[in-house]
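First the structure, in the form of structure tokens, and then the observations on it.
As the structure lists them, so they are numbered: ligands from 1, and atoms in each ligand from 1. We number each residue from 1, following the sequence as shown.
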Amino acid sequence: MRITLEPISSKDYEGNVVFLYGNEVSDRNLPLSKKEIEWLKVRRSADSYSVVVFDRLPYHLFVVNFDADSPAVDNQEKLRRSADKVVSMLKDMKQDSVGITGEGTIPEEVVAFLEGMMLSDYSFDRYKNETPSHIEHVAVDPIYLKQEELERNERLWNRIYWCREWVNMPVADLNAESFAAELEEIARDLNVKCTVFDKKKIEALRMGGLLGVNKGSVDEPRFVVLEYCPDNAINSRPIALVGKGVMYDTGGLNIKPDDYMREMKSDMAGAATMASVLFAAADNQLPVHLVALLPMTDNRPGFNAYAADDVLTMYDGTTVEVVNTDAEGRLILADAIAYAVRNYEPELLIDAATLTGAAVRAIGTYGIAAMQQNADNPFHLLKIMGNQVYERIAELPFWREYDELIKSDVADIKNCGISQAGAITAGKFLAHFAKTTPYIHLDIAGVAFFSKKQEYYTCGASGYGIRLLYSFLQTYEVTKGEHQPTVS
Ligand code: BES
Ligand code: ZN
Ligand code: ZN
């Protein structure tokens, strides 16, 4: 989707036009007859967020209603959703271009609409002999948006696009080695340092979690470290972004039954998300020092696979009893978190992981199940930003009683608790490795990959969480240095 800025007069524009109509007071620019305006007002009062289409053969006018006086956040989400409707309508009409104008519309509203269009227009096409249709060209009236603003947003959307491509790729075509190589190549073009640890190095570092999970695989593991450290960084110690990179999760010897294995190519969405956030920050030169730590392997029941009852010694020396080989994400993340804490002393550590089915059962596919330790202030900011960009987080408790559930008889801790509170015990397992570092855990199992289209998130990989974390980093300065310890 190519977006250009050019003047659009809704009255004589030769093409499809979207008119963002937030305020009834002025309808002078609407290219409609009196009767049509009356009709529009009836539709508006029935549903102030409707999309009303006027046939102007060979083109169409889409009036996108919203209420400019409503809270900005509501409007922006409604506009993303309306954009999704308009994209579907255009495709049904076999149209591939549109101009966007409005009345009294502010740039944030136009950006939200474009964002909805971009996200909605995505499909995973690389294995299709016949490419599905896409919106080719969108022209936006420059009254509503500056070139610089457009380009900053386009760079972010490009990262979301790539995250979705990686997550949608099957493991046969994207394994730990090739994913690491791809990240290395992108980092080379940006002000980002990339270090890739191969199996030998991972062995030398004694990352027992990552090596344990990798034992049943024919592919080598990788551990990727990305670092973005601009001269004008507002933080002296980095923010660490840790992402689960299970390239495919069969469950290992505790193999996933029936359909439960479907879609497990998406089990590296955490790593893809965190790499994309760091790249987006570098693309747009945000003044924050970031480091991303991305452990990568697939989880397979190959002949030397790790087994339940094995005891693994993690990077920080903690011993872990394996109770279930399908709880593999926390094992590779534990090494990454411990590595971040020891080598970077981050002022804040955030992880993103498709970690538990329990998180999906708890809150469904409408947000991220989140937990935190010693990170009240940044967590508060993250929650606000989540509501703002509509990638929301719901906090689960992190009471000390849950720690009891992962104590082991044979090792320091074990990799599963009981059948209850599974999302929380998984988080608690990870928090053990964060020690006193302010820590936020994001379980994205419910939102990283949609089995069917959900509003402007198309079927498959969503890129959910990138806009959340990017907007958090943009506003991070506000809470800097104000972390207060939580008592659990
Ligand atoms: N990758 C899965 C979690 C998952 C489930 C992600 C559904 C997306 C959708 C994870 O590795 C896993 O298998 N977790 C187990 C943990 C259990 C064995 C304690 C689960 O949630 O069932
Ligand atoms: Zn698993
Ligand atoms: Zn997994």
Side-chain angles (χ1 to χ4, degrees), residues 167-168 171 176 209-210 212-217 221 242-273 294-301 305-310 312 320-336 351-369 371 396 402 405-406 408 413-430 441-452 454 457 459-462 464-465:
V167 175
N168 281 323
V171 65
L210 181 53
V213 175
N214 182 251
K215 273 175 77 180
S217 175
V242 175
K244 173 175 173 182
V246 171
M247 305 308 294
Y248 194 82
D249 184 9
T250 67
L253 286 175
N254 291 105
I255 199 157
K256 287 184 182 291
D258 315 317
D259 264 1
Y260 285 92
M261 210 185 292
R262 285 293 320 275
E263 302 177 354
M264 280 302 139
K265 64 178 181 179
S266 65
D267 215 20
M268 35 60 80
T273 302
L294 314 170
M296 300 172 185
T297 177
D298 50 347
N299 181 25
R300 295 216 197 221
Y306 81 134
D309 298 340
D310 281 359
L312 307 174
V320 174
E321 178 192 2
V322 176
V323 172
N324 189 317
T325 61
D326 198 9
E328 82 299 336
R330 63 199 78 179
L331 297 173
I332 71 169
L333 288 166
D335 282 335
D351 82 69
T354 47
L355 204 61
T356 64
V360 194
R361 287 192 291 279
I363 63 165
T365 61
Y366 306 109
I368 296 173
M371 286 140 257
L396 298 182
Y402 297 112
L405 301 177
I406 52 167
S408 162
I413 50 175
K414 56 185 177 185
N415 78 334
C416 297
I418 54 175
S419 62
Q420 300 162 344
I424 300 171
T425 46
K428 276 289 190 181
F429 182 92
L430 299 178
H441 165 53
L442 303 176
D443 193 330
I444 57 171
V447 290
F449 193 95
F450 292 121
S451 306
K452 60 181 197 326
Q454 185 166 301
Y457 291 112
C459 163
S462 64
Y464 199 108

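- In terms of modelled atom types and a separation under 3.5 Å, the side chain of N415 and the main chain of N324 share a donor-acceptor contact.
- With sequence neighbours excluded, no residue satisfies ring pair (Phe, Tyr, Trp, His ring centres under 6.0 Å) with Y248.
- Summarising the geometry, atom CE belonging to M371 is positioned 9.0 Å from atom CG belonging to L430; distances are rounded to the nearest 0.5 Å.
- Nearest heavy-atom pair across I368 and I363 is C-CD1, 3.5 Å.
- Taking the six-membered ring where tryptophan is involved, the planes of F450 and Y464 are perpendicular, since the angle between them exceeds 60° and thus also 30°.
- In this structure, the side chain of T325 engages the main chain of G251 through a donor-acceptor pair within 3.5 Å.
- Around the Zn ion (ligand 2), protein N, O or S atoms at less than 2.8 Å number 4.
- In this structure, K244 does not pair ionically with D351, as no charged nitrogen and carboxylate oxygen lie closer than 4.0 Å.
- For a heavy-atom separation below 4.0 Å, the residues in contact with ligand 1 are K244, D249, K256, M264, D267, N324, D326, E328, R330, T354, L355, T356, G357, C416, A445.
- To the nearest 0.5 Å, the span separating CE on M264 from CG on D298 amounts to 14.0 Å.
- In this structure, the side chains of L333 and F429 stay at 4.5 Å or more apart for every pair of heavy atoms.
- The Zn ion (ligand 3) has an N, O or S atom of K244 inside 2.8 Å of it.
- In this view, Y306 satisfies the ring pair (Phe, Tyr, Trp, His ring centres under 6.0 Å) rule with no residue, not counting sequence neighbours.
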